[in-house]
Amino acid sequence: MDKNKNVRVRFAPSPTGYIHIGSLRTALFNYLYARNTGGKNILRIEDTDQTRLVEGAVDNLVNSLELLGIEFDEGPDRGGDKGPYYQSQRLEIYRKYCQELLDKKAAYYAFETPEELEEMRRMQQLEGRQTMYDGRALNLTDEEVKANLENGIPHVIRLKVPRDEEIRFNDLIKGTIKIDSNVIDDQILIKSDGFPTYHLANVIDDHLMEVTHIIRGEEWITSVPKHILLYRALGWEVPVMAHVPLILNPDKTKLSKRQGDVAVEDYLRKGYLKEALVNFIAMLGWNPGEGEEQEFFSMKDLTEKFSLEKVQSSGAVFNVDKLNWMNNSYIKNYDPERLLDLSLPYFRDTGVDVSDREHTMKILLAIRVYLNKLNEIPEHTKIFTQDKAELTDEKLKEYLTAETTKTVFSELIRQLENTEVLTAEIYKEKINEVQKLTGIKGKLLFKPVRIALTGSENGPDLPSVAEILGKEKVIKFLSVWT
RNA sequence: GGUCCCAUCGACUAGGGGUUAGGUCGUCACUCUUUCACAGUGAAAACACGGGUUCGAAUCCCGUUGGGACCGCCA
């Protein structure tokens, strides 16, 4: 186990406006690994695509991650001596190293237009070959290149990939991976707008920021050889690689918007507790192993137990049912005061008087067992706010019009009118009293009362419901049927 | 199509030469609760297939099949 203090990992998202669940897990694993090893967790913003900039995305990203308990030691908003941490502010650096690659003949200029390239790919596809740049610009003489440059012809800079060579690397999660250099594309390193592509920028930054371990999604695996070529050309050491498997849709394809929510913000907004979300995401692809059967882990537990060796090598389906179960467990066991604070926004349009904290708390505690997520609060508060109990099913009326019901209700009302305040305890006493006096019991006694009070034949514990409703309302609801 | 990755119940996974293949979600049944839910108990449910290696393979090797990712002047 690697416990040395020099570990430096990075989370390097592009600021597209929201955090994908898959990104969250990558960020989480980086954070856990950094904390577990006593290393540093770095945030770097990969904003080299000028066409995809989103206003305020970085703030949102940092806020959301910190809210979830994922902290950074270096990054755009907290500095560090390896900055700047925005790639868009590092253009000079990329240019410098790209020149070095050019000088070393490890990269070359190319002048094709996007249209030309598209045509080239179309032909390749027609012939059933793999689409990749055919290296035509390599045929340009130095003079031609120079002339093109002087004439201001738009150009890119490409990586010159050697032929007939096997590139291999060792991945901490996947093991040894070998790729034939003949299938590696002459990747564009600098785009015609002067910005670097991911491939160039990430190699340079990882080196300069002294990143020791690259932990990222599996979708990057096929571009690793390009990166290795870059490291090699620049004479740099390649960081340790750890490619974590993808998070999948139920149909096993890469988790996508099409099949449900993918943004962390969506889950938070729906009222998944951050502890549950983190716990669940961590267990997707990682587990402590060694026969450990615990499923609930705090962030602290996770940082103590996490290791890259225990990360699964196959993809994991994102199972909302299990997330719901886990979130419900957290809700049931959460500190009531904190849970109430978090729940308040979800009470907003329910008609519950949230200024009465004690009252709101009673409702929350009565219904929390039903909640998979906080945004389900409104559908469970109706019974406490309605002015008359609306029947969920017309058939329930049978109970209310039953002969015995009138007797029960009249007696219960009489009993209740003699009480000061109605508590759950008192309700229990009174209903027992009614049973004794009327001789009516069982279903005939309890069901009509529940239905008259809530409109439904099931729901939270009736004495609690009665207490929350209060004496006036209970009597009023019962009176309707006498 | 090419390259790469992956393969234990429906899902998440433990186990990594000898196990009645264990746990969790979900499903079903029962118990509890005069309701539903919760809780508890129990059940059904998996080593993709074929070859090796071995006394012995879910476990190691090879192949097949299946699934996925990537093949952009996106990251």
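Every chain is numbered from 1 and lettered A, B, ... according to where its sequence line falls, protein lines coming before strand lines.
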For atom [atom1] of [X] and atom [atom2] of [N], their distance in whole Å:
{"X": "A:His20", "N": "B:rA69", "atom1": "NE2", "atom2": "C1'", "answer": "13 Å"}
{"X": "A:Asp171", "N": "B:rC6", "atom1": "CG", "atom2": "P", "answer": "9 Å"}
{"X": "A:Met283", "N": "B:rA11", "atom1": "CE", "atom2": "P", "answer": "18 Å"}
{"X": "A:Glu376", "N": "B:rC36", "atom1": "CD", "atom2": "C1'", "answer": "15 Å"}
{"X": "A:Ile184", "N": "B:rG2", "atom1": "CD1", "atom2": "P", "answer": "18 Å"}
{"X": "A:Asn372", "N": "B:rG26", "atom1": "CG", "atom2": "P", "answer": "9 Å"}
{"X": "A:Phe318", "N": "B:rG26", "atom1": "CZ", "atom2": "P", "answer": "15 Å"}
{"X": "A:Leu255", "N": "B:rC12", "atom1": "CG", "atom2": "C1'", "answer": "15 Å"}

Does any N or O donor sit under 3.5 Å from an N or O acceptor when you compare the side chain of A:Tyr370 with the base of B:rC36?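 Counting by modelled atom types and ignoring angles, a donor-acceptor contact under 3.5 Å is found here.
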
State whether [X] places a side-chain N or O below 4.0 Å from either non-bridging phosphate oxygen (OP1 or OP2) of [N].
{"X": "A:Lys310", "N": "B:rG15", "result": "yes"}
{"X": "A:Lys252", "N": "B:rC6", "result": "no"}
{"X": "A:Asn287", "N": "B:rU13", "result": "no"}
{"X": "A:Ser313", "N": "B:rA7", "result": "yes"}

Selected nucleotide, minimal atom distance to A:Thr222 side chain, candidates B:rC12, B:rC70, B:rC71: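 Comparing B:rC12, B:rC70, B:rC71 against the side chain of A:Thr222, the answer is B:rC70.
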
Nearest of B:rC12, B:rA14, B:rC6 to any side-chain atom of A:Gln312?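 My answer, after comparing the listed nucleotides, is B:rA14.
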
Does atom CD of A:Glu55 have more than 12 heavy-atom neighbours, drawn from other residues, nucleotides or ligands, at distances under 6.0 Å?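 12 or below, so no.
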
Pairing of A:Lys174 and A:Asp171 as salt bridge, 4.0 angstrom limit: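 Salt bridge absent between A:Lys174 and A:Asp171.
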
Give me each pair satisfying salt bridge (charged side-chain N to carboxylate O under 4.0 Å, His left out) with a member in [range], each pair once, sequence neighbours excluded.
{"range": "residues 311-326 of chain A", "answer": "A:Glu295-A:Lys322"}
{"range": "residues 108-119 of chain A", "answer": "A:Glu119-A:Arg122"}
{"range": "residues 431-442 of chain A", "answer": "none"}

Who passes salt bridge (Lys or Arg N to Asp or Glu O under 4.0 Å) against A:Glu429, sequence neighbours left out?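 For A:Glu429 there are no salt bridge (Lys or Arg N to Asp or Glu O under 4.0 Å) partners, ignoring immediate neighbours.
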
Contacts of type salt bridge (Lys or Arg N to Asp or Glu O under 4.0 Å), residue A:Arg163, not counting sequence neighbours: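 Expected list: A:Asp186.
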
Is [X] touching bases, backbone alone, or none of the nucleic acid, heavy atoms closer than 4.0 Å?
{"X": "A:Lys332", "answer": "sugar-phosphate"}
{"X": "A:Gly217", "answer": "nothing"}
{"X": "A:Lys226", "answer": "nothing"}

Donor-acceptor pair, distance only, cut-off 3.5 Å: does the side chain of A:Gln312 make one with the backbone of A:Leu284?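 No; judged by distance alone, with no hydrogens or angles, the pair does not exist.
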
Using atom names, set out every protein N or O paired with an N or O of nucleotides 23-25 of chain B below 3.5 Å, distance rounded to 0.1 Å.
from: B:rG23; atom 1: O4'; to: A:Glu293; atom 2: OE2; distance (Å): 3.1
from: B:rU24; atom 1: O4'; to: A:Glu295; atom 2: OE2; distance (Å): 2.6
from: B:rU24; atom 1: O2'; to: A:Glu295; atom 2: OE2; distance (Å): 2.6
from: B:rU24; atom 1: O2; to: A:Lys322; atom 2: NZ; distance (Å): 2.7
from: B:rC25; atom 1: O2'; to: A:Lys322; atom 2: N; distance (Å): 3.4

Using 30° and 60° as the class boundaries, would you call the ring planes of [X] and [Y] parallel, tilted or perpendicular?
{"X": "A:Tyr33", "Y": "A:His213", "answer": "tilted"}
{"X": "A:His155", "Y": "A:Tyr109", "answer": "perpendicular"}
{"X": "A:His199", "Y": "A:His227", "answer": "tilted"}
{"X": "A:Phe29", "Y": "A:Phe306", "answer": "tilted"}

Non-neighbouring partners of A:Val238 that pass side chain to side chain contact (heavy atoms under 4.5 Å, CB included), sequence neighbours left out: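 Partners of A:Val238 under the side chain to side chain contact (heavy atoms under 4.5 Å, CB included) test: A:Ile228, A:Tyr231, A:Met241.
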
Apply the test side-chain hydrogen bond (donor to acceptor under 3.5 Å, both in side chains) to residues A:Asp193 and A:Gln50: give CA-CA distance (whole Å), side-chain angles for both, the deciding distance (0.1 Å), then the verdict. CA-CA 9 Å; A:Asp193 65 0; A:Gln50 293 297 290; over 6 Å; no

Is the closest side-chain donor-acceptor distance between A:Gln87 and A:Asp205 under 3.5 Å?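 There is such a pair between these side chains.
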
Is it true that A:Tyr272 and A:Asn324 share a donor-acceptor pair across their side chains at a distance under 3.5 Å?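 A pair is found: one side chain offers a donor N or O, the other an acceptor, under 3.5 Å apart.
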
Would you jot down, in residue-number order, the residues of residues 394-404 of chain A having a non-hydrogen atom under 4.0 Å from RNA chain B?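 RNA chain B contact set from residues 394-404 of chain A: none.
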
Go through residues 270-279 of chain A and report each residue with a non-hydrogen atom lying under 4.0 Å from RNA chain B, sorted by number.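 Of all residues in residues 270-279 of chain A, none places a heavy atom under 4.0 Å from RNA chain B.
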
Protein N or O to nucleotides 73-75 of chain B N or O, pairs below 3.5 Å:
from: B:rC73; atom 1: OP1; to: A:Arg121; atom 2: NH2; distance (Å): 3.3
from: B:rC73; atom 1: OP2; to: A:Arg121; atom 2: NH2; distance (Å): 2.8
from: B:rC73; atom 1: O2; to: A:Ser192; atom 2: N; distance (Å): 2.6
from: B:rC73; atom 1: O2; to: A:Ser192; atom 2: OG; distance (Å): 2.6
from: B:rC73; atom 1: N3; to: A:Ser192; atom 2: OG; distance (Å): 3.0
from: B:rC73; atom 1: N4; to: A:Glu112; atom 2: O; distance (Å): 2.9
from: B:rC74; atom 1: OP2; to: A:Lys191; atom 2: NZ; distance (Å): 2.9
from: B:rC74; atom 1: O2'; to: A:Asp49; atom 2: OD2; distance (Å): 2.9
from: B:rC74; atom 1: O2'; to: A:Arg52; atom 2: NH2; distance (Å): 3.3
from: B:rC74; atom 1: O2; to: A:Arg52; atom 2: NH2; distance (Å): 3.3
from: B:rA75; atom 1: OP1; to: A:Thr48; atom 2: OG1; distance (Å): 2.8
from: B:rA75; atom 1: OP1; to: A:Lys191; atom 2: NZ; distance (Å): 2.9
from: B:rA75; atom 1: OP2; to: A:Tyr198; atom 2: N; distance (Å): 3.1
from: B:rA75; atom 1: O3'; to: A:Glu46; atom 2: OE1; distance (Å): 3.0
from: B:rA75; atom 1: O2'; to: A:Ser14; atom 2: OG; distance (Å): 3.2

All N/O donor-acceptor pairs, side-chain side in residues 445-465 of chain A, below 3.5 Å, sequence neighbours left out:
from: A:Lys447; atom 1: NZ; to: A:Tyr399; atom 2: OH; distance (Å): 3.3
from: A:Lys447; atom 1: NZ; to: A:Glu457; atom 2: OE1; distance (Å): 2.9
from: A:Arg450; atom 1: NH1; to: A:Pro460; atom 2: O; distance (Å): 3.1
from: A:Arg450; atom 1: NH2; to: A:Pro460; atom 2: O; distance (Å): 3.1
from: A:Thr454; atom 1: OG1; to: A:Arg450; atom 2: O; distance (Å): 2.8
from: A:Thr454; atom 1: OG1; to: A:Ser456; atom 2: N; distance (Å): 3.1
from: A:Thr454; atom 1: OG1; to: A:Ser456; atom 2: O; distance (Å): 3.1
from: A:Ser456; atom 1: OG; to: A:Asn458; atom 2: N; distance (Å): 3.1
from: A:Ser456; atom 1: OG; to: A:Asn458; atom 2: O; distance (Å): 3.0
from: A:Asp461; atom 1: OD2; to: A:Ser464; atom 2: OG; distance (Å): 2.9

Given the C1' atoms of B:rC25 and B:rA46, what is the spacing between them in whole Å?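 Nearest-Å result for B:rC25 against B:rA46 at atom C1': 16 Å.
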
Identify all pairs in which a protein N or O lies below 3.5 Å from an N or O of nucleotides 32-34 of chain B, and state each distance.
from: B:rU34; atom 1: N3; to: A:Gly442; atom 2: N; distance (Å): 3.4
from: B:rU34; atom 1: O4; to: A:Gln435; atom 2: NE2; distance (Å): 3.1

A:Phe384 side chain near A:Leu469 side chain, heavy-atom distance below 4.5 Å: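 Yes. Closest side-chain heavy atoms under 4.5 Å.
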
